[in-house]
Amino acid sequence: MLNLISDVFVVLVAIEALFIMALEMFGSQTRVAQKAFNASASYLAIPETKASMANQGLYNGFIGVGILAGRFLFPANSVYPVLLLFVGFVVVAAIFGAATVSKRILLTQGAPAIISLILLLLTH
């Protein structure tokens with residue numbers, strides 16, 4: 001049962017990373033982005049901001065795909081280390097984001113990843 005809960009949390013972390021990718025790459029001009037990133041429409045419309053967000057989005061996409069590939073495509077003996085690596089990246093990014101941008105990042109992005117990491121450690 002704990003393995004199933006771990007899998008659910010790992011997939012949620014991947015989906016969240018892919019959602020953030022979509023928002024940063026394709027939805028940076030939306031009200032959802034303004035609220036999520038606590039940024040004004042004028043700031044999000046600056047070409048340099050749009051380019052930086054798209055770049056960040058690409059990295060979030062890599063993490064989301066890495067988690068999903070690690071869970072569903074990799075050989076069984078490599079699933080655990082791959083998931084530790086990618087979920088660990090999300091935890092580190094959330095801690096850095098909380099320290100440098102907004103404490104809210106630790107709750108919204110960090111909490112699911114921290115729970116996933118703990119569950120991975122408990123189930124291995």
Side-chain angles (χ1 to χ4, degrees):
M1 182 66 166
L2 198 55
N3 282 333
L4 176 63
I5 296 168
S6 178
D7 283 347
V8 168
F9 268 90
V10 164
V11 170
L12 285 174
V13 171
I15 291 169
E16 183 179 36
L18 293 171
F19 174 75
I20 294 168
M21 176 210 69
L23 197 56
E24 289 174 333
M25 292 185 79
F26 310 112
S28 65
Q29 304 304 298
T30 65
R31 289 195 191 280
V32 174
Q34 289 174 33
K35 186 173 179 174
F37 304 124
N38 194 26
S40 67
S42 59
Y43 174 74
L44 293 173
I46 297 170
E48 293 85 0
T49 301
K50 288 164 59 173
S52 290
M53 289 190 71
N55 190 320
Q56 288 173 220
L58 186 61
Y59 286 97
N60 275 300
F62 290 153
I63 288 174
V65 169
I67 290 170
L68 292 175
R71 175 58 193 91
F72 297 110
L73 300 177
F74 279 52
N77 65 342
S78 64
V79 169
Y80 178 71
V82 169
L83 291 180
L84 280 181
L85 178 68
F86 280 97
V87 172
F89 286 159
V90 177
V91 171
V92 171
I95 291 168
F96 185 78
T100 59
V101 178
S102 169
K103 302 287 185 240
R104 188 176 65 159
I105 292 171
L106 194 57
L107 178 63
T108 58
Q109 191 175 4
I114 291 166
I115 292 168
S116 292
L117 192 59
I118 292 167
L119 288 168
L120 283 167
L121 293 169
L122 288 174
T123 57
H124 187 68

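We find the CD1-CG distance between Ile114 and Leu106 to be 5.0 Å, quoted to the nearest 0.5 Å. The distance from atom CZ of Arg71 to atom OG of Ser6, rounded to the nearest 0.5 Å, is 8.5 Å. With rounding to the nearest 0.5 angstrom, the CG atom of Leu2 is 10.0 Å from the CG atom of Asp7. In this structure, OG on Ser116 lies 11.5 Å from CD1 on Ile5, to the nearest 0.5 angstrom. Between the CG atom in Leu120 and the CG atom in Asn3 there is a gap of 9.5 Å [rounded to 0.5 Å].
The two residues Lys103 and Ala99 come nearest to each other via the heavy atoms NZ-CA, 4.4 Å. When all heavy atoms of Phe62 and Phe86 are compared, the pair lying nearest together is O-CE2, 4.1 Å. Closest of all the heavy-atom pairs between Lys50 and Ala45 is CD-O, 3.6 Å.
Within 6.0 Å of CG on Asn55 lie more than 12 heavy atoms contributed by other residues, nucleotides or ligands. Counting non-hydrogen atoms of other residues, nucleotides and ligands closer than 6.0 Å to OH of Tyr59 gives a total of 12 or fewer.
Hydrophobic clustering (side-chain heavy atoms under 4.5 Å, transitive across Ile, Leu, Val, Met, Phe, Trp, Tyr) groups Ile115 together with Val10. The hydrophobic cluster containing Leu68 does not contain Ile63, counting ILVMFWY residues as joined when their side-chain heavy atoms lie under 4.5 angstrom apart, directly or transitively. Residues Ile105 and Phe37 do not share a hydrophobic cluster, defined by chaining ILVMFWY side chains whose heavy atoms lie under 4.5 Å apart. Under the 4.5 Å side-chain contact rule for hydrophobic residues, Val91 and Leu85 share a cluster. With hydrophobic clusters built from ILVMFWY side chains whose heavy atoms lie under 4.5 angstrom apart, Phe72 does not share a cluster with Leu83.
For the pair Phe89 and Ile67, the minimum side-chain heavy-atom distance is 4.5 Å or more. Looking at Leu121 and Tyr80, their side chains come closer than 4.5 Å, going by heavy atoms from C-beta outward.
For Thr49 (side chain) and Tyr43 (main-chain N/O), a donor-acceptor pair under 3.5 Å exists by modelled atom type.
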Please output the side-chain donor-acceptor pairs of residues 12-29 that fall under 3.5 Å, not counting sequence neighbours, one pair per line with the distance.
from	atom 1	to	atom 2	distance (Å)
Glu24	OE1	Gly57	N	3.0
Glu24	OE1	Asn60	ND2	3.0
Gln29	NE2	Leu44	O	2.6

message: One pair to check against side-chain contact (heavy atoms from CB on, under 4.5 Å): Phe9 and Ile118. What are the steps and the verdict?
response: CA-CA 10 Å; Phe9 268 90; Ile118 292 167; over 6 Å; no
task: May I have the step-by-step check of side-chain contact (heavy atoms from CB on, under 4.5 Å) for Val8 and Leu119, ending in yes or no?
output: CA-CA 10 Å; Val8 168; Leu119 288 168; over 6 Å; no
